[in-house]
Amino acid sequence: MTQRLIVVSNRVNPPAGEGEESVGGLAMALAAALKAYSGVWFGWSGQTTPEFTGELNVQEVGGVTAATVDLESIDVDEYYTGYANKTLWPLFHYRTDLAAFDRAFGEGYRRVNRRFAETLRPLIRPDDLIWAHDYHLIPLARELRALGVKNRIGFFLHVPWPAHQVMINLPRHRQLVEAMFDYDLVGFQTAEYQQAFEEYVLNEAQGVTLPGGGLRAFGRLLEVGHFPIGLDAADFARMTKTSRARRMRDLMTACTVFRHLIVGVDRLDYSKGLEERFLGFETFLTQNPDLRREVLMLQIAPPSRESVEAYQEIRGRLDALSGRINGEFADVDWAPFRWVNRNYRRDELAGIYGAARVGLVTPLRDGMNLVAKEYVAAQDPADPGVLILSRFAGAARQMGDALLVNPHSPEEIADALERALAMEKAERIRRWRALAETVANEDVTGWRDNFVAALAGKGALRPAALAT
Ligand code: ADQ
């Protein structure tokens, strides 16, 4: 019998059906990962309750057992909106200028992790593997251990782990890192983030690296590794062939006759580099008067985390910038820029990517970035488009055949657009083939299997020093 897997993440939102609207990178990946395991997906329901009761709501959704719990609104303010999204998210994305440091947030974060642990405890059987996800849940293992849980517990960080000098901006950073040593295995998206974590442990906690991998610090041992996340590649490939995807591709092709479509798809987040990207497109239009009528840029960015001020501000700035670009360059029969703030079904997105000659993916920092991989997976092998990708997305480590750019530089973005639009078909095919191979081979199934094998102690990662 396969071991049960208990997945824990802040939100639990498995896609209910076929072409449902996408629910973000993490949710898509976890739903795909859980399909193959019997087990449970546990987390916050997204609902609030006047008083925390720890009552579980268990449902079967899309082949997955989802167990959720409601939180008090102060929990949501301090733990989710506060510590997770106003403190850790900006810090881990190198935006210390936007990070709020408030002790009440830290206390709420700890309290909610304890509440999650207490609610989850009765569901855990002795040989279950437990896999916690992302920056909301760093102290979960510590709380579970305090309740006597002896199971193997793993943690995967979907966002970047910042450089040591950035990390130490966080008050009580040592306490947060110490809590990570209650896991058996901690996984990162890239070798770079893993190294940054190790550097922190060596410098701040007098840790040592063990011969076979792994770390010793705070009187404990921890296995660490990097596990780049990928798409549910087979499912996405199928999605590109649906009638809805085809219809969307035909629609986009029809409304861009004689023009090349440049597409960006992101959650509306300051880490995604949208302002710089808009300025890059504006620079491109300024530098290339003869190409202006030959392109249309479509940026899709549904609002997210609207309760956080920084997100309201960026929305206002982007609205103004998109208006300025169209005001400056549009003609009576034509406008260069489309700015759309809504979600699309995944099959429709596949169709949009498929119609785009350029995929413009330029986050300032990104743990991985699945949009880059989706864009590649949706291309026509006989006439593929060109991916322009930020150097600071985790995906850049695997996708060196994209045109890599510094996302802070509108000029570099403009130059890359020129190059992409002028690229001969033979070069586009050569680059795309290499990218498509990576996307197909390093998919979400491999990510899950590698992590779970390492957590179960069957992976190559298990250092000899830990076995003794
Ligand atoms: P995100 O920051 O959400 O994920 P990303 O990896 O790009 O970023 O995933 C976004 C997902 O949302 C994609 O599947 C995309 O198709 C979908 N999406 C975006 N805009 C959409 C729209 N308008 N309509 C429908 N769907 C839309 C976090 C980390 C990433 C990491 C993932 C997975 O920040 O770095 O890659 O988790 O680990």
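One-based numbering, in listed order, for ligands and for the atoms of each.
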Output yes when Arg115 and Glu143 qualify as a salt bridge under the 4.0 Å nitrogen-oxygen rule, no when they do not.
-> no

Which atoms from ligand 1 have a heavy atom of Gln189 less than 4.0 Å away?
-> 31 (C), 38 (O)

Under 4.0 Å to a heavy atom of Gly367 - the qualifying atoms of ligand 1, by number | 35 (O)

Identify the residue among Trp41, Phe451, Tyr183 that makes a ring pair (Phe, Tyr, Trp, His ring centres under 6.0 Å) with Trp131.
-> Phe451

Atoms in ligand 1 with a heavy atom of Tyr353 nearer than 4.0 Å = 16 (O)

Please could you name the atoms of ligand 1 that Val371 approaches to less than 4.0 Å, counting only its heavy atoms?
-> 7 (O), 15 (C)

Any Arg345 heavy atom less than 4.0 Å from ligand 1 | no

Would you say Met368 and ligand 1 have an N/O pair spaced under 3.5 Å apart?
-> yes

Output yes when the distance from some N or O of ligand 1 to some N or O of His93 is under 3.5 Å, and no in every other case.
-> no

Before accepting this row, confirm whether a basic side-chain N of the pair Arg246/Asp250 lies closer than 4.0 Å to the acidic partner's carboxylate O.
-> no

State the atoms of ligand 1, each with its element, that fall below the 4.0 Å cut-off from a heavy-atom position in Glu374.
-> 13 (C), 14 (O), 15 (C), 16 (O)

Leu349, portion touching ligand 1 at heavy-atom distance under 4.0 Å | side chain

Tell me which part of Leu370 gets within contact of ligand 1: side chain, backbone, both or neither, using heavy atoms under 4.0 Å.
-> both

Contact partition for Ile300 relative to ligand 1, non-hydrogen atoms under 4.0 Å = side chain

contact_flag Arg346 ligand 1 heavy-atom lt 4.0 Å = no

Under 4.0 Å from any heavy atom of Pro302, which atoms of ligand 1 are there?
-> 20 (N), 22 (C), 23 (N)

Ligand-residue contact atoms, ligand 1 with Arg342, heavy atoms, under 4.0 Å = 23 (N)

Derivation of the ring pair (Phe, Tyr, Trp, His ring centres under 6.0 Å) call for Phe329 and Phe337 | CA-CA 9 Å; Phe329 295 102; Phe337 195 65; over 10 Å; no

Do Tyr80 and Asp75 have a side chain donor and acceptor closer than 3.5 Å?
-> no

Salt bridge (Lys or Arg N to Asp or Glu O under 4.0 Å) with Lys373: which residues, sequence neighbours excluded?
-> none

Judging by distance only, is a nitrogen or oxygen of Trp89 under 3.5 angstrom from one on ligand 1?
-> no

For ligand 1, is any non-hydrogen atom under 4.0 Å from Lys272's backbone (N, CA, C, O), its side chain (CB onward), both, or neither?
-> side chain

Say whether Phe236 and ligand 1 are in contact under the criterion: heavy-atom distance to a ligand atom below 4.0 Å.
-> no

N/O separation below 3.5 Å, Val159 to ligand 1 | no

Check: Tyr193 ring centre within less than 6.0 Å of Phe188 ring centre | no

Considering only NZ, NE, NH1 and NH2 on the basic side and carboxylate oxygens on the acidic side, decide whether Asp266 and Arg277 come within less than 4.0 Å.
-> yes

Under 4.0 Å from one or more heavy atoms of Val265, ligand 1 contributes atoms 19 (C), 20 (N), 21 (C)

Cationic tip of Arg342 above Tyr344 ring, under 6.0 Å, 45° of axis = yes

Any pair counted as salt bridge (charged side-chain N to carboxylate O under 4.0 Å, His left out), so long as it reaches residues 162-177, sequence neighbours left out | none

Can you tell me if Glu198 and Gln194 form a side-chain donor-acceptor pair at under 3.5 Å?
-> yes

For the pair Trp447 and Phe156, name the ring-plane relationship: parallel under 30°, tilted 30 to 60°, perpendicular over 60°.
-> perpendicular

